[in-house]
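One structure is given here, and the rest of the page talks about it.
Hydrogens, waters and symmetry mates are skipped; everything else that's a heavy atom, side chains included, is used.
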Amino acid sequence: TTDPYAAPASVVAQLSGYGQLLSATSLAETGLESLLGSATNHASISTAGVVTANATNAAALGAYTVSVSQIARTQTLDSTLVMADPAASLFAPGSFTLTRGSGETAQTTTVNVAGASLNDLVSAINQSGAGVTASVVTGAYGASLQVSSSQTGAANAFTLSGTTGDPFNQWGSYLSQLGLHQTQAAQDAAFTINGVAGTSATNTGVALDVAGATTVNLLAVGSSTVTVNAAATIPADLASVSAAATKLVQNYNAFMGTA
């Protein structure tokens, strides 16, 4: 008995052929994707030397105009006092105060100097954990002291002063003798993103979007357009490229044989 609800044989054949065509098309697409690799977002810049840019796959495609008016810097103090031998005795052992930051967020550290030389002073500062770095700078006329904040940003500015509990202000006098003067001020980076002003204590990882999926590193004062595009990545392994190409041809032939 013939089923009155059964589809005609011609329709079944057409549906079967259509299914085979879809399957072959899917295979061809898979082979092409294997050859090209995965699509990833890529950030490019219009002007070199101002910023570098990075975009994750979550980044929105588009363009950002970044104008940098100043980059973030550390604070640096240099001494005017120059010594022929940084290991020679210059001070008496004692302590002084190093203050980083200002106001309610200021951090005060007591730096204890066990020795008497410029080298001993440098070691004491570096071991204090106060967020600054000291070094002996040797020039044509001898050795001098240089002290810099370890991190960029205005909040990392620092001062050196005598200890409050010292009635003779011994180390306050020593610091005055060193003649420390500022050769670079601590400052935040300042910039605009599509005309919107912003600041950052660091030059790295400045977000261009709310999600932070597109970021830039600030290099210098200037302007650059950052463009985020989607780009296919080509596998670096030549063997995998060859295998993917072969598979693409096979899938294409299967597609053409079904069409």
Side-chain angles (χ1 to χ4, degrees), residues 51-52 54 68-83 86-87 89-139 142-166 168-191 197-207 212 215-221:
V51 299
T52 58
N54 180 67
V68 183
S69 56
Q70 71 178 32
I71 61 172
R73 296 187 185 278
T74 59
Q75 180 185 5
T76 300
L77 303 180
D78 285 286
S79 70
T80 55
L81 179 66
V82 177
M83 298 184 62
S89 295
L90 180 64
F91 319 109
S95 62
F96 63 92
T97 300
L98 194 155
T99 304
R100 184 165 60 90
S102 60
E104 296 181 355
T105 60
Q107 299 179 2
T108 300
T109 303
T110 299
V111 180
N112 297 304
V113 186
S117 69
L118 193 61
N119 288 340
D120 294 326
L121 174 57
V122 167
S123 296
I125 292 175
N126 290 337
Q127 293 172 12
S128 69
V132 301
T133 302
S135 60
V136 173
V137 178
T138 303
S144 61
L145 174 67
Q146 184 175 86
V147 187
S148 299
S149 51
S150 300
Q151 298 179 342
T152 58
N156 290 303
F158 63 91
T159 58
L160 309 179
S161 60
T163 303
T164 305
D166 181 3
F168 302 104
N169 194 29
Q170 185 181 47
W171 265 90
S173 299
Y174 292 152
L175 294 173
S176 296
Q177 293 173 21
L178 286 170
L180 289 170
H181 61 286
Q182 182 171 273
T183 53
Q184 179 171 279
Q187 67 181 29
D188 291 340
F191 50 85
T199 61
S200 172
T202 70
N203 295 312
T204 58
V206 176
T215 59
V216 292
N217 297 331
L218 311 180
L219 305 179
V221 172

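In this structure, A134 and V122 approach most closely via the heavy-atom pair O-CG1, 3.5 Å. Shortest non-hydrogen contact noted between M83 and L90 is SD-CD2, 3.4 Å. Closest approach of L218 to A189, counting heavy atoms only: CD1-CB, 3.6 Å. Listed here is the closest heavy atom pair of A154 and D188: N-OD1, 2.9 Å. Shortest non-hydrogen contact noted between A207 and G212 is CB-CA, 3.9 Å. In terms of heavy atoms, V136 sits closest to P86 at CG1-CB, 4.1 Å.
If you check the side chains of T133 and S148, you find no donor sitting under 3.5 Å from an acceptor. With hydrogens and angles left out, the side-chain atoms of N126 and S123 include no donor and acceptor closer than 3.5 Å. A donor atom on one side chain and an acceptor atom on the other are found under 3.5 Å apart for T183 and D78.
In terms of modelled atom types and a separation under 3.5 Å, the side chain of Y174 and the main chain of A92 share a donor-acceptor contact. In terms of modelled atom types and a separation under 3.5 Å, the side chain of T163 and the main chain of S95 share a donor-acceptor contact. Here the side chain of S200 pairs no donor or acceptor atom with the backbone of N203 at under 3.5 angstrom. Proximity of a side-chain donor or acceptor of S128 to a complementary backbone N or O of V111 within less than 3.5 Å is not detected. Checking side-chain atoms of N217 against main-chain N and O of G205 turns up a donor-acceptor pair under 3.5 Å.
Proximity of F91 to L178: side-chain heavy atoms (C-beta onward) are separated by under 4.5 Å at one or more points. Between L121 and I125 the shortest side-chain heavy-atom distance falls below 4.5 Å. Q75 is not listed as a side-chain neighbour of N156, based on a closest heavy-atom distance of 4.5 Å or more. Side-chain contact between Q184 and T74: present, with at least one pair of heavy atoms (C-beta onward) separated by less than 4.5 Å.
If you take CD on Q107 and CZ on R100, they are separated by 4.5 Å, rounding to the nearest 0.5 Å. Distance check: T159 OG1 to L98 CG gives 7.0 Å after rounding to the nearest 0.5 Å. Here the OG-CG distance, from S176 to L81, works out to 12.0 Å after rounding to the nearest 0.5 Å.
Not counting sequence neighbours, the partners of T108 by the side chain to side chain contact (heavy atoms under 4.5 Å, CB included) test are T97, T99. Take F96 and apply the ring pair (Phe, Tyr, Trp, His ring centres under 6.0 Å) test, not counting sequence neighbours, and it matches W171.
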Does the pair F158 and V147 meet the rule for a side chain to side chain contact (heavy atoms under 4.5 Å, CB included), with working shown? CA-CA 10 Å; F158 63 91; V147 187; 3.8 Å; yes

Between L219 and V51, is a side chain to side chain contact (heavy atoms under 4.5 Å, CB included) present by the stated rule, with each step listed? CA-CA 5 Å; L219 305 179; V51 299; 5.5 Å; no

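Listed by first and then second residue, the ring-ring contact (aromatic ring centres under 6.0 Å, His included) pairs involving residues 106-139 amount to none (not counting sequence neighbours).
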